Protein chains: 2
Amino acid sequence: MNAVSGGDGSGGAAEHAHTTAWIASRIRNGIAGGELTPGTKLSEQSLSAALGVSRNTLRQAFTALAEESIVRRIPNRGVFVASPGPEDIREIYRVRRAIEPAAVLWGDITPQKLDTMEAVVQRAQAARDAGSVADMADANQAFHREVVGLTGSGTLGRMMDRVLAEMRLVFYAMSSAPDFHSHYVDRNVLLVRRLRAGENEKAAAELREYLDAAEAELLGHLAGRAAS
Amino acid sequence: MNAVSGGDGSGGAAEHAHTTAWIASRIRNGIAGGELTPGTKLSEQSLSAALGVSRNTLRQAFTALAEESIVRRIPNRGVFVASPGPEDIREIYRVRRAIEPAAVLWGDITPQKLDTMEAVVQRAQAARDAGSVADMADANQAFHREVVGLTGSGTLGRMMDRVLAEMRLVFYAMSSAPDFHSHYVDRNVLLVRRLRAGENEKAAAELREYLDAAEAELLGHLAGRAAS
DNA sequence: AATCTTGGATTGTTCAACAATTTACGGCTT
DNA sequence: AAGCCGTAAATTGTTGAACAATCCAAGATT
């Protein structure tokens with residue numbers, strides 16, 4: 001019945017001392033996959049039964065997910081999958097506007113990394129040409145993930161993962177913005193070209209404008225959707 | 001017996017639905033205060049008894065703290081307060097070298113924020129003149145915290161809090177570096193001056209050199225200490 | 001119709017147990 | 001004495017049931 005089907009017995013990669021992380025990952029995937037939509041309440045009783053774990057360990061997974069702010073915990077009310085609002089979007093872009101240009105400006109840029117970035121961009125282009133919105137969105141996110149990867153910092157990388165996960169929730173809330181990413185694919189092409197030419201400052205500046213525009217567009221879409 | 005004294009009954013600000021956060025905060029303070037030194041094992045039985053809470057809720061606090069990487073959890077072995085090594089230091093400075101200059105370059109810099117920054121710097125100077133190493137270290141950290149505060153992002157602010165907490169653990173591991181911060185107080189003065197003059201690019205560049213130097217010095221100290 | 005009360009459902013926390021694993025200890029071999 | 005092995009004790013990971021506190025959804029009251 002629940003979106004997250006029962007996992008007892010199957011799989012079998014979860015032995016001792018791993019089930020909490022396993023469950024957390026399970027829920028994370030459920031959210032990323034769209035089975036658990038923003039605002040959904042995650043009942044302890046239902047979920048623990050559905051996942052075949054104790055209410056106690058589920059609770060522990062909840063605290064981990066809450067710490068990642070993938071999920072919002074309201075005291076005595078329960079946990080809900082996060083549903084970002086305008087302020088959350090602004091915050092997301094505050095972070096991105098700081099981290100991504102910094103990575104471009106000061107990151108450790110190697111030809112190898114540029115190659116993988118270019119490959120990701122091409123994947124996005126192919127998806128756009130094929131009309132596959134989901135793939136394009138994925139590739140686009142992967143691209144920006146690669147951008148902060150230029151810093152070489154695992155911490156920043158994980159933070160970006162969190163931010164992108166939150167972005168996915170935003171996108172879900174406005175399913176009627178299919179061509180949001182298509183505008184920006186060309187910009188990514190240009191960005192890689194700039195980096196190859198060593199024009200990092202210019203790249204960073206353009207990336208910031210890019211992010212400003214994306215934020216404005218998102219907020220506009222959201223406002224339009226809220227007014228309807 | 002334990003560094004974290006029993007808290008049963010006393011205080012009384014922890015009612016229903018708050019004890020987990022309370023306990024986590026308690027441990028956090030214990031680490032920040034130096035009662036819980038890096039590498040210390042946090043036994044579930046001892047700590048739960050000392051804090052007067054169930055082993056289960058303590059466990060929940062552990063997962064939260066582990067997510068903040070204040071504490072390291074090794075499966076089936078227990079949790080230990082983190083003791084950062086050279087690679088951790090490099091990672092810390094990868095993050096700081098990205099975030100802090102970004103804040104200086106692109107942050108929302110208001111006269112008001114500059115005033116509070118200047119006040120913090122003066123606090124550091126006063127502490128230096130008074131010979132109070134601890135106060136100087138505190139003020140110095142507060143200063144850098146204010147720097148990333150220029151971004152206006154709560155997320156980045158919290159990340160910086162985490163990083164600074166880890167830095168404190170680093171400092172603890174080498175208690176014999178009392179004048180580590182004193183070199184840099186003057187640099188902070190200069191930084192504020194640069195920002196007041198609107199020379200943001202110069203400020204960012206100098207801050208990056210600053211951070212490079214600090215990282216090198218820390219790593220040097222650590223290597224020297226490891227060799228002894 | 002709006003408010004109050006009541007009963008059930010849900011969350012937060014504790015306790016006691018057990019399996020899996022690590023750790024400590026003693027005996028054995030060399 | 002040093003090193004290895006095996007068993008016992010301690011510790012972690014997980015479960016299940018219980019209870020207090022809080023929230024929620026009805027029905028009763030005015």
Side-chain angles (χ1 to χ4, degrees), chain A residues 1-4 6-27 36 39-67 69-82, chain B residues 1-4 6-27 36 39-67 69-82:
Chain A
M1 307 154 175
N2 206 312
V4 176
D8 50 2
S10 73
E15 331 243 329
H16 196 253
H18 289 293
T19 73
T20 295
W22 169 265
I23 292 301
S25 158
R26 199 73 190 261
I27 297 175
L36 261 26
T40 304
K41 173 167 183 178
L42 271 43
S43 156
E44 297 189 356
Q45 190 167 348
S46 314
L47 249 192
S48 62
L51 293 169
V53 297
S54 162
R55 196 161 75 87
N56 233 324
T57 58
L58 176 63
R59 223 142 192 307
Q60 224 168 309
F62 277 169
T63 68
L65 294 171
E67 195 68 35
S69 75
I70 286 174
V71 124
R72 198 165 130 69
R73 185 171 231 163
I74 305 178
N76 293 318
R77 303 274 296 268
V79 319
F80 307 79
V81 358
Chain B
M1 306 158 177
N2 205 313
V4 176
D8 50 0
S10 73
E15 332 244 328
H16 198 260
H18 288 293
T19 73
T20 294
W22 170 266
I23 292 301
S25 157
R26 200 70 191 266
I27 297 174
L36 260 26
T40 304
K41 174 168 182 179
L42 271 46
S43 157
E44 297 189 355
Q45 189 166 352
S46 313
L47 249 192
S48 62
L51 293 169
V53 296
S54 162
R55 195 161 76 88
N56 232 325
T57 57
L58 176 62
R59 229 148 184 305
Q60 224 168 306
F62 277 170
T63 69
L65 294 172
E67 194 70 34
S69 74
I70 286 173
V71 125
R72 198 165 129 69
R73 182 171 233 162
I74 304 178
N76 293 318
R77 304 275 295 269
V79 319
F80 307 79
V81 358

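Since the model is a prediction, treat every value here as computed from it, not as a measurement.
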Exercise. Could you state the CG-C1' distance from B:Leu47 to D:dT11, rounded to the nearest angstrom?
Worked result: 14 Å
Exercise. From the list D:dG13, D:dG16, D:dT11, which nucleotide is the closest neighbour of the side chain of A:Ser54?
Worked result: D:dG16
For this session: Can you tell me the distance, in whole Å, between the CD atom of A:Glu44 and the P atom of D:dA18?
Result: 18 Å
Problem set entry | Within-4.5 Å side-chain heavy-atom neighbours: B:Ile70 and B:Val81 | no
Exercise. Do any side-chain nitrogens or oxygens of A:Thr20 fall under 4.0 Å of OP1 or OP2 in D:dT14?
Worked result: yes
For this session: For B:Thr63 and B:Gln60, indicate whether the former's side chain and the latter's backbone hold a donor-acceptor pair under 3.5 Å.
Result: yes
Exercise. Mapping A:Asn56 and B:Pro75 onto DNA chain D by nearest heavy atom, which one lands closer to the 5' end?
Worked result: B:Pro75
Exercise. Hey, does B:Arg72 have a side-chain heavy atom less than 4.5 Å from the side chain of B:Ile74?
Worked result: yes
For this session: Could you state the atom-to-atom distance from CD of B:Gln45 to P of C:dC15 in whole Å?
Result: 13 Å
For this session: Starting at atom CZ of B:Phe80, determine the distance to atom C1' of C:dT22, rounded to an integer number of angstrom.
Result: 11 Å
Problem set entry | Whole-Å gap separating C1' (D:dG13) and CH2 (A:Trp22) | 17 Å
For this session: Check whether any side-chain nitrogen or oxygen of A:Arg55 sits under 4.0 Å from OP1 or OP2 of C:dT10, and answer yes or no.
Result: no
Problem set entry | Donor-acceptor under 3.5 Å (B:Ser46 side chain, B:Ser43 main chain) | no
Problem set entry | Rounded distance in Å - CG (A:Leu51) to P (D:dG16) | 13 Å
For this session: Round to a whole Å and report the spacing from CZ of A:Arg73 to C1' of D:dC23.
Result: 16 Å
For this session: Show your working on side chain to side chain contact (heavy atoms under 4.5 Å, CB included) between A:Leu42 and A:Phe62 and close with a plain yes or no.
Result: CA-CA 9 Å; A:Leu42 271 43; A:Phe62 277 169; 3.8 Å; yes
Exercise. Only one of B:Leu58, B:Leu51, B:Thr57 forms a side chain to side chain contact (heavy atoms under 4.5 Å, CB included) with B:Ser54, so which one is it?
Worked result: B:Thr57
Exercise. Which pairs, with at least one residue in residues 46-66 of chain A and sequence neighbours excluded, count as a salt bridge (charged side-chain N to carboxylate O under 4.0 Å, His left out)?
Worked result: A:Glu44-A:Arg55, A:Glu44-A:Arg59
Seminar exercise, completed: Here the residues of residues 57-65 of chain A within 4.0 Å heavy-atom distance, strictly under, of DNA chain C are A:Arg59
Problem set entry | 5'-most by nearest nucleotide on DNA chain D - A:Asn76 or A:Val53 | A:Val53
